[in-house]
Amino acid sequence: MFFNRKQRISEKYAPVGKIGEGTYGLVYKARNIQNQSGNSEAESFVAVKKFKSFKSGDGISPTAIREIKLLRELKNPYIVDLVDVMLDEADKALYLVFDYAEHDLLEMIRCHHNRSAPHAMPMHTVKSLLWQILHGINYLHKNWIIHRDLKPSNILVTGLDKPPNERGCVKIADFGLARLFQSPLRPLTDVDAVVVTIWYRAPELLLGAKHYTKAIDLWAIGCIFAELVTSKPLFQGQEKERKGDDRNPFQSDQIDKIFRILGKPSVERWPGVIDLPHWSQAQTWQNYPCILHDRVRGLAKGSSGYDLLTKLLEYDPDKRITAEDALKHPFFTEEPRPTHIAFVDPNIDPYKSRPVTPLDPKKDIGWAMSATTSGTNGQTPMTRPMPQSAPLFSSAPPPFKRTRINDR
Ligand SMILES: Nc1ncnc2c1ncn2[C@@H]1O[C@H](COP(=O)(O)OP(=O)(O)OP(=O)(O)O)[C@@H](O)[C@H]1O
């Protein structure tokens, strides 16, 4: 199924428009043409992620190919489905085709933050989103995959184009790609001024820990939980740019923002902190009282929701709650109970549809323009499913330029 059928991407998916530009490439909305055979099936959409050109001869390693295969085998209701992997011979690009989701948390939160009419996200929605995120991450962690880049734009949510019982459902995106296409501690800014947000980054990484653990995903989930409740990022540090050889500078402002809200960690509370490279510098800073309850007023101090939040935002990664234990927390057995449909009414989607930008012939080359080229001269780019040993990238592909997340 994965490698054995030769087929052009344009035979399976018709581009509709562009929906985004991430670190690795452009993302398009496309119509699934094969689903349209017969009138009975409803129109279905996919998101096609185009990874930038590969040079023939330079290669993706067999290990990376195995990992993409592995990603295709991961199936969970709360993980975005990778439905196809294709190579385009003409524009030398790799296309990953995902199931389409109408929303992401960045846009949903923005809708509640709306300056003219701010309104908090309903607690049923907050709890259902958090519960689904934890289920998806628990599944990934059980499969030994650490997401590493959890943030609101990577948490997708399905809309009304899906059947009623599949609406308002979380689909975690962008997992696994980090390990495939970036070095473990990717610089925060790259040659093309790509900015990676640090707001969801765990304190152990900020203080210089060299290894990713599952606990870093739980920290990010804690930050996202607080943001769902307040419609504002909890720790908004200023990113320090990389200079010269220093690819991962000490993000002192981000750690300062955390200390100012949670208080500075003590060695008694987090014994391992003394082994972290930047602790000697950070420990000299002023101490602050914990004011978390003041920042997350939607969760009363003695409530189960507040208790779960503090367990997710535990400084010591060894003591931080796991996804499995978080799912057993009393917060989820109290009313309102979480459901797999996060909308209050499955027939009403209160969020704006994802903006789709028209295709630009100057930028959207190859398959994205195939809808126009195929009709004229029949020269549609030849695209085929990825062969097992196909060379792609010998090293990480050049990242696309993107806007800062806080500017979006
Ligand atoms: N399966 C999908 N369905 C619908 N939209 C998607 C899908 N996958 C990604 N997107 C959207 O496409 C846009 C770009 O996504 P992408 O993951 O490439 O970048 P990002 O998350 O914005 O940044 P980064 O690459 O740094 O993580 C985002 O708005 C994202 O929500």
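Each residue takes its place number in the sequence, starting with 1. Just follow the structure's listing: the first ligand is 1, and inside any ligand the first atom is 1. These figures come from a predicted structure and were not determined experimentally.
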Please check whether N154 reaches ligand 1 - meaning an N/O of the residue sits under 3.5 Å from an N/O of the ligand, judged on distance alone. yes

Min N/O separation V27 to ligand 1 under 3.5 Å: no

Does [X] have a non-hydrogen atom less than 4.0 Å from ligand 1?
| X | value |
| --- | --- |
| K49 | yes |
| A173 | no |
| E102 | no |
| K151 | yes |

Numbered atoms and elements of ligand 1 in range of [X], under 4.0 angstrom, heavy atoms:
| X | answer |
| --- | --- |
| L156 | 1 (N), 2 (C), 3 (N), 7 (C), 8 (N), 31 (O) |
| F98 | 1 (N) |
| D104 | 29 (O), 31 (O) |
| Y100 | 3 (N), 4 (C) |
| V80 | 1 (N) |

Checking K75 against D81 for the salt bridge (charged side-chain N to carboxylate O under 4.0 Å, His left out) test, could you report, in this order, the C-alpha distance in whole Å, the side-chain angles of both residues, the deciding distance, and whether it holds? CA-CA 7 Å; K75 298 284 173 213; D81 202 14; 2.5 Å; yes

Heavy-atom nearest option to atom 1 (N) of ligand 1, drawn from V97, D149, D99: D99

Ignoring hydrogens, just give me the one of G159, P355, A101, P152 whose non-hydrogen atom is nearest atom 4 (C) of ligand 1. A101

Geometric class of the H112/H119 ring pair [parallel <30°, tilted 30-60°, perpendicular >60°]: tilted

Using 30° and 60° as the class boundaries, would you call the ring planes of H135 and Y78 parallel, tilted or perpendicular? tilted

Strictly by side-chain hydrogen bond (donor to acceptor under 3.5 Å, both in side chains), give each pair with a member in residues 122-134 just once, sequence neighbours left out. H124-S128, H124-T339

Please determine if R167 and E102 form a salt bridge, counting it only when a charged side-chain N lies under 4.0 Å from a carboxylate O. no

Within a reach of under 6.0 Å around NZ of K319, are more than 12 heavy atoms found that belong to other residues, nucleotides or ligands? yes

Looking only at non-hydrogen atoms, find the nearest pair between W279 and K264 and report the distance. CH2-CG, 4.3 Å

Donor-acceptor pair, distance only, cut-off 3.5 Å: does the side chain of Q251 make one with the backbone of K240? yes

